[in-house]
Amino acid sequence: MKYRFCGRSGLQLPVISLGMWHNFGGVDSYENARDIAFHAFEKGVVHFDLANNYGPPPGSAEENFGKMMRDGLATHRDEIIVSSKAGHLMWDGPYGDGSSRKYIMASINQSLRRTGLEYFDIFYSHRYNPETPLEETVQALVDIVKQGKALYIGLSKYPVDKAMEACAMMKAQNVRCLIYQDRYNMLVRRPEEQHVDFLRDEQLGFIAFSPLAQGLLTNRYLNGIPVDSRAARPSGFLHREDITPEMVDKISRLNQIALSRGQSLAQMALSWLLAKPVVTSVIVGASSVRQLDDSLEAVDAPDFTTDELSAIDSIIL
């Protein structure tokens with residue numbers, strides 16, 4: 001595994017991190033989830049990315065990670081990075097969502113109990129909430145570090161102006177934001193347009209989630225919509241109407257470039273992100289050990305040629 005320093009800090013992250021958004025909840029096989037996580041650690045994927053609402057049901061991914069710690073990972077606690085987040089709906093009532101001090105403090109305490117950890121290495125504000133004064137959210141994050149409940153603070157999915165304000169507020173209290181997390185892939189390039197200058201100026205790390213665009217950047221939809229695919233489900237972030245003839249044409253053309261490089265489309269999508277200087281790490285999901293290994297092969301892929309990058313841009317821009 002390769003590692004990169006996270007912004008202006010001494011912390012290194014593996015270029016591939018394991019995300020527990022899907023496949024690690026209470027409805028999933030714990031044994032399979034444990035096998036994936038343990039295999040990831042053995043391969044040098046030492047960063048595990050969680051959130052309080054990951055499951056389903058919400059909270060169950062953290063509970064399962066707590067079991068994994070008790071099943072053996074705990075003996076390696078100082079060799080791993082564990083991140084969690086708060087900001088989306090977690091429980092009913094006015095205090096189970098948002099970015100208030102009440103919600104954030106309750107959330108991290110619950111998350112620590114579920115995982116059995118004494119602290120998180122990174123704790124994120126999962127999203128910006130305009131209904132809460134930013135200074136209230138930031139003060140809660142600063143206090144979390146000063147109370148020893150997290151070593152570092154991260155921001156996720158913030159508008160760039162609010163992220164800049166939050167970073168300035170943290171620095172004023174001698175707590176620097178470490179890392180910014182957002183959706184980024186070949187088909188979603190908004191961070192390039194809005195956040196690159198901010199990340200450079202603040203010297204933050206950047207970690208990308210949804211690198212395969214919910215499965216679009218795979219060979220899954222080249223010949224229609226499989227009945228067991230995400231796009232076939234009635235809910236979720238990928239819908240049948242997203243699989244347009246124009247999109248399938250793009251995916252097919254990208255797949256040809258990937259094949260010419262000796263990669264699958266999914267592997268090329270990961271390699272493309274890792275070739276971006278702004279990217280510290282990419283969060284991948286996995287439903288099996290085999291799928292994780294397939295993703296890890298992207299780390300040692302050949303560099304892109306200028307012609308390949310131009311061809312990719314001509315397809316997706």
Side-chain angles (χ1 to χ4, degrees), residues 1-19 21 44-47 49 81 83 85 121-122 124-128 152-168 170-171 176-214 216-217 254 257 261 263 266-285 295-296 298-306 308-317:
M1 178 54 60
K2 297 176 182 178
Y3 300 84
R4 294 176 180 173
F5 281 101
C6 192
R8 186 169 66 87
S9 79
L11 184 71
Q12 298 182 63
L13 294 180
V15 294
I16 296 291
S17 298
L18 181 62
W21 184 12
V45 180
V46 295
H47 177 209
D49 184 76
I81 299 293
S83 60
K85 317 176 194 74
D121 297 279
I122 305 170
Y124 289 88
S125 173
H126 206 168
R127 61 172 172 171
Y128 171 67
Y152 301 96
I153 291 301
L155 300 174
S156 178
K157 299 178 297 187
Y158 267 55
V160 65
D161 59 329
K162 298 303 179 182
M164 292 174 63
E165 289 181 39
C167 285
M170 289 185 215
K171 281 192 288 187
R176 290 189 71 254
C177 184
L178 173 80
I179 190 169
Y180 179 75
Q181 180 177 139
D182 212 336
R183 188 185 308 271
Y184 185 28
N185 55 60
M186 285 180 169
L187 302 176
V188 178
R189 300 179 67 166
R190 183 173 56 87
E192 292 179 359
E193 303 165 2
Q194 300 183 14
H195 290 84
V196 170
D197 290 343
F198 153 70
L199 294 167
R200 183 188 60 245
D201 293 345
E202 293 294 335
Q203 296 180 285
L204 303 187
F206 176 73
I207 187 164
F209 73 87
S210 195
L212 305 183
Q214 296 293 306
L216 271 177
L217 292 170
L254 290 171
I257 298 175
R261 287 172 47 81
Q263 292 185 290
Q267 288 170 338
M268 186 178 77
L270 295 174
S271 296
W272 181 86
L273 279 171
L274 292 176
K276 299 294 183 180
V278 71
V279 172
T280 307
S281 182
V282 175
I283 299 173
V284 304
S295 294
L296 294 180
V299 174
D300 297 313
D303 293 339
F304 287 93
T305 66
T306 301
E308 286 172 338
L309 291 174
S310 296
I312 290 170
D313 280 347
S314 71
I315 295 170
I316 59 181
L317 291 181

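For the numbers below, each heavy atom of this structure counts, side chains included, while hydrogens, waters and symmetry mates do not.
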Partners of [X] by side chain to side chain contact (heavy atoms under 4.5 Å, CB included), sequence neighbours excluded?
X	result
Thr305	Asp307, Glu308
Ile315	Lys250, Arg253, Leu254, Ile257
Tyr3	Met1, Gln12, Pro14, Val46
Pro191	Asp182, Tyr184, Phe206

So, using salt bridge (Lys or Arg N to Asp or Glu O under 4.0 Å) as the criterion, who are the partners of Arg189 when residues are at least two apart?
Glu192, Asp313
Under the salt bridge (Lys or Arg N to Asp or Glu O under 4.0 Å) test, which residues partner Asp161, sequence neighbours left out?
none
Between atom [atom1] of [X] and atom [atom2] of [Y], what is the distance when rounded to the nearest 0.5 Å?
X	Y	atom1	atom2	result
Cys177	Ile153	SG	CD1	8.0 Å
Cys167	Tyr180	SG	OH	10.5 Å
Asp121	Ile81	CG	CD1	4.0 Å
Ile207	Ile122	CD1	CD1	7.0 Å
Met164	His195	CE	NE2	10.5 Å
Ile179	Ser9	CD1	OG	8.5 Å

What are the two closest non-hydrogen atoms of Leu187 and Ala213, and how far apart are they?
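Closest approach of Leu187 to Ala213: CD1-CB, 4.1 Å.
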For a quick test of reading the model, state the closest non-hydrogen atom pair linking Arg183 to Ser210 and the distance between them.
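So the two residues come closest at NH1-OG, 3.4 Å.
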Does some side-chain heavy atom of [Y] sit less than 4.5 Å from a side-chain heavy atom of [X]?
X	Y	answer
Met170	Leu155	yes
Ser17	Val284	no
Lys2	Asp300	yes
Gln267	Ser295	no
Arg176	Gln203	yes
Phe209	Val282	no

Sequence neighbours left out, what passes side-chain hydrogen bond (donor to acceptor under 3.5 Å, both in side chains) with [X]? Give chain and number order.
X	result
Asn185	none
Thr280	none
Glu202	Lys171
Arg4	none

Which residues pass the ring pair (Phe, Tyr, Trp, His ring centres under 6.0 Å) test with His47, sequence neighbours left out?
none
The criterion is ring pair (Phe, Tyr, Trp, His ring centres under 6.0 Å); which residues satisfy it with Tyr128, sequence neighbours excluded?
Tyr158
Around atom CG of Asp201, are there more than 12 heavy atoms from other residues, nucleotides or ligands closer than 6.0 Å?
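Yes, the 6.0 Å shell around CG holds more than 12 heavy atoms from other groups.
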Where the side chain of Ser271 meets the backbone of Ala298, is there a donor-acceptor pair that is under 3.5 Å apart?
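Judged by distance alone, yes, a pair lies under 3.5 Å.
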State whether the side chain of Ser314 and the backbone N or O of Ala311 hold a donor-acceptor pair below 3.5 Å, judged by distance alone.
yes
From the options Leu270, Leu274, Ile16, Ile283, select the one residue that forms a side chain to side chain contact (heavy atoms under 4.5 Å, CB included) with Pro211.
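Among Leu270, Leu274, Ile16, Ile283, the one meeting side chain to side chain contact (heavy atoms under 4.5 Å, CB included) with Pro211 is Leu270.
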For His126 and Lys157, what are the C-alpha separation, side-chain angles and deciding distance, and is it a side-chain contact (heavy atoms from CB on, under 4.5 Å)?
CA-CA 7 Å; His126 206 168; Lys157 299 178 297 187; 3.8 Å; yes
Verdict with reasoning, Ser83 to Asp49, per side chain to side chain donor-acceptor pair (under 3.5 Å)
CA-CA 5 Å; Ser83 60; Asp49 184 76; 2.8 Å; yes
